[in-house]
Amino acid sequence: MNNSMRIWKWAGIGAVAIVAIGAAGLAFVYSGVYDVAADVPHTRLVYWLLDTARDRSVAVHAQAVQVPGDLASPARISAGADLYGEMCSGCHLAPGMQKTEISRGLYPAAPELAPGTDLTPAEEFWIIKHGIKMTGMAAWGKTHNDTLIWDMVAFLQKLPSLSPDTYKALVKSAPADHDEMMKMQDHDHG
Ligand code: HEC
């Protein structure tokens, strides 16, 4: 066999192998053997694939997010605390809170946010606005404008330093006009 025949032989074997692997993959998917139950963890390979795809996707998409300069503003933090207590703590818990039924059953689990996250504020904003596919994490940007989402990001920066008492006080301190603001905000934002 000369060199070019050899190359064609291996190319042929490679193509057959790729088709066979693809067919085996499809057969596996259609067989229904993979367990999608939320009370059975993913295999390590599937977990790694999903986890890595999520982390990379968030990091890349968040690059375009412009972070406002006033995340340390007390008004933002207190508005964010109110929203967090109302919409997020049921899954992500809060200082002094016991686990809830939904937080115990979610898979992937909703991480407790009080110890802090490894995410940048831009990444937190992107996740809160757009949510994460096939997890319990909703896209809050469908119903909340960017200002309110940044308020929650501002609050998340403060959360690791809060005790159960300071957390409760902060949730109560929300500005009085805040509920009005939520009703009036425009719903078709960015
Ligand atoms: C129904 C449950 C649920 C609610 C309510 C919820 N989340 Fe989540 N959230 C999740 C789950 C589950 C994940 C993990 C997704 C994953 O593993 O990819 C998550 C992930 C996150 C993350 C990424 C954390 C990290 O360290 O990777 C942030 C930040 C976050 N949520 C913020 C919020 C905020 C703010 C709210 C309220 C507006 C909220 N979530 C409401 C279920 C929820």
Side-chain angles (χ1 to χ4, degrees), residues 35-68 71-73 75-162 167-168 170-171 174-175 178-179 181-183 185 187 189-190:
D35 196 344
V36 298
D39 56 358
V40 177
H42 281 302
T43 62
R44 284 172 70 160
L45 174 66
V46 171
Y47 187 90
W48 179 85
L49 282 170
L50 295 174
D51 199 44
T52 307
R54 191 238 358 242
D55 288 355
R56 291 298 305 143
S57 176
V58 171
V60 168
H61 284 92
Q63 279 166 9
V65 172
Q66 301 282 324
V67 183
L71 290 186
S73 130
R76 280 218 127 147
I77 293 171
S78 113
D82 184 44
L83 293 167
Y84 184 88
E86 216 170 274
M87 307 189 305
C88 321
S89 60
C91 289
H92 289 288
L93 308 179
M97 227 176 119
Q98 298 294 316
K99 286 194 169 158
T100 60
E101 289 174 359
I102 189 161
S103 79
R104 291 164 62 132
L106 279 170
Y107 186 86
E112 287 194 39
L113 299 179
T117 71
D118 297 336
L119 304 164
T120 63
E123 290 171 335
E124 290 177 349
F125 174 86
W126 191 88
I127 289 175
I128 298 167
K129 180 165 178 165
H130 299 286
I132 299 180
K133 281 189 176 70
M134 293 185 85
T135 74
M137 182 55 188
W140 300 90
K142 294 230 172 185
T143 47
H144 294 75
N145 66 27
D146 287 6
T147 306
L148 296 175
I149 294 173
W150 281 119
D151 288 347
M152 290 189 261
V153 174
F155 168 73
L156 290 185
Q157 313 314 302
K158 185 79 181 171
L159 178 58
S161 68
L162 300 178
Y167 170 73
K168 261 188 224 136
L170 197 52
V171 170
H178 191 237
D179 289 341
M181 205 172 110
M182 280 187 68
K183 276 182 218 143
Q185 62 158 324
H187 278 237
H189 204 278

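Counting starts at 1 for both ligands and their atoms, following the listed order. Heavy-atom basis, side chains included; hydrogens, waters and symmetry copies ignored.
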Undergrad: For residues L83 and C88, determine if any side-chain heavy atom of one lies less than 4.5 Å from a side-chain heavy atom of the other.
TA: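 A side-chain contact is absent here, since even the closest heavy-atom pair is not under 4.5 Å.
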
Undergrad: How wide is the angle at atom 8 (Fe) of ligand 1 between SD of M137 and NE2 of H92, to the nearest 10°?
TA: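 Value returned, to the nearest 10°, is 180°.
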
Undergrad: As an exercise, state the distance from OH of Y167 to NZ of K158, rounded to the nearest 0.5 Å.
TA: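 The distance works out to 14.5 Å.
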
Undergrad: Starting from atom 5 (C) of ligand 1, find the nearest protein heavy-atom neighbour and note its residue, name and distance.
TA: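 Heavy-atom neighbour on the protein nearest atom 5 (C) of ligand 1: M87 O, 3.3 Å.
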
Undergrad: Check each atom of ligand 1 against the heavy atoms of I128 and keep those under 4.0 Å away; list them by number with element.
TA: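 Heavy-atom distances to I128 below 4.0 Å select 32 (C), 35 (C).
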
Undergrad: Just let me know how P111 lines up against ligand 1, side chain, backbone, both or neither, with a heavy-atom cut-off below 4.0 Å.
TA: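 It is the side chain that gets close, since no backbone atom is under 4.0 Å.
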
Undergrad: Below 4.0 angstrom from a heavy atom of L106, which ligand 1 atoms are there? Numbered from 1 as shown, please.
TA: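 So the answer, numbered in order with elements, is 2 (C).
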
Undergrad: Any atoms of ligand 1 less than 4.0 Å from a non-hydrogen atom of P108? List them with their elements.
TA: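 So the atoms of ligand 1 that pass are 12 (C), 16 (C), 17 (O).
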
Undergrad: Which atoms from ligand 1 have a heavy atom of T135 less than 4.0 Å away?
TA: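 Reading through ligand 1 atom by atom, the close ones are 15 (C), 16 (C), 18 (O).
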
Undergrad: For atom 22 (C) of ligand 1, tell me which residue out of V153, V58, T143, I127 has the closest non-hydrogen atom.
TA: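 When every heavy atom of V153, V58, T143, I127 is considered, I127 comes closest to atom 22 (C) of ligand 1.
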
Undergrad: Could you tell me which atoms of ligand 1, counted from 1 in the order shown, lie closer than 4.0 angstrom to a heavy atom of M152?
TA: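 Counting atoms of ligand 1 from 1, those under 4.0 Å from M152 are 38 (C).
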
Undergrad: In the protein, which heavy atom is nearest to atom 41 (C) of ligand 1, and how far is it?
TA: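 Sorting protein heavy atoms by distance from atom 41 (C) of ligand 1 puts W140 CZ2, 3.5 Å first.
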
Undergrad: Taking the side chain as everything from C-beta on, heavy atoms only, tell me whether H130 gets closer than 4.5 Å to H61.
TA: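 In short, these two side chains do not touch, never coming nearer than 4.5 Å.
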
Undergrad: Near G136, which atoms of ligand 1 are under 4.0 Å from a heavy atom of that residue?
TA: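 Once the distances to G136 are compared, the set is 1 (C), 2 (C), 3 (C), 12 (C), 42 (C), 43 (C).
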
Undergrad: So do the side chains of F125 and D146 get within less than 4.5 Å of each other, counting heavy atoms only?
TA: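 Heavy-atom side-chain distance check passes, below 4.5 Å.
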
Undergrad: Got an N/O contact under 3.5 Å between R54 and ligand 1?
TA: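 Such a contact does occur with ligand 1.
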
Undergrad: So is D118 in contact with ligand 1, going by heavy-atom distances below 4.0 Å?
TA: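 No, D118 has no heavy atoms under 4.0 Å from ligand 1.
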
Undergrad: Does L159 reach the side chain of L156, with side-chain heavy atoms less than 4.5 Å apart?
TA: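 Heavy-atom side-chain distance check passes, below 4.5 Å.
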
Undergrad: Do me a favour and list the nearest non-hydrogen protein atom to atom 4 (C) of ligand 1 with residue, atom name and distance?
TA: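 Its nearest protein heavy-atom neighbour is C91 SG, 3.3 Å.
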
Undergrad: Does T100 reach the main-chain N or O of G90 with its side chain, forming a donor-acceptor pair under 3.5 Å?
TA: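 Yes, because the side chain of T100 sits within donor-acceptor range (under 3.5 Å) of the backbone of G90.
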
Undergrad: Where is the tightest heavy-atom contact between E112 and P115, given as atom of each residue plus distance?
TA: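 E112 and P115 have their closest heavy atoms at O-CD, 3.4 Å.
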
Undergrad: If you take the nearest heavy atom of each of P121, C88, S57, which one is closest to atom 35 (C) of ligand 1?
TA: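 Looking at heavy atoms only, C88 sits closest to atom 35 (C) of ligand 1.
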
Undergrad: Within a distance under 4.0 Å of any heavy atom of A109, pick out the atoms of ligand 1 and give their elements.
TA: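 Taking each heavy atom of A109 in turn, ligand 1 has 12 (C), 14 (C) under 4.0 Å.
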
Undergrad: Test your reading of the model: is there a side-chain donor-acceptor pair from E123 to the backbone of T120, 3.5 Å cut-off?
TA: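 The answer is yes, because a donor-acceptor pair under 3.5 Å joins these two groups.
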
Undergrad: Hey, which atoms in ligand 1 end up nearer than 4.0 Å to a heavy atom of L119?
TA: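 Atoms satisfying the 4.0 Å criterion: 23 (C), 24 (C), 25 (C), 26 (O), 27 (O).
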
Undergrad: Classify the contact between L83 and ligand 1 as side chain, backbone, both or neither, using a heavy-atom distance cut-off of under 4.0 Å.
TA: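 Neither; nothing of L83 gets under 4.0 Å from ligand 1.
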
Undergrad: What's the separation between atom CE in M97 and atom OG in S103, rounded to the nearest 0.5 Å?
TA: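 OG of S103 is found 7.5 Å from CE of M97.
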
Undergrad: For H92 and P111, work out which heavy atoms get closest and say how close.
TA: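 So the minimum-distance heavy-atom pair works out to ND1-O, 2.7 Å.
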
Undergrad: Could you tell me the separation between the CZ atom of R76 and the CH2 atom of W150, rounded to the nearest 0.5 Å?
TA: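 Separation between the atoms: 8.5 Å.
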
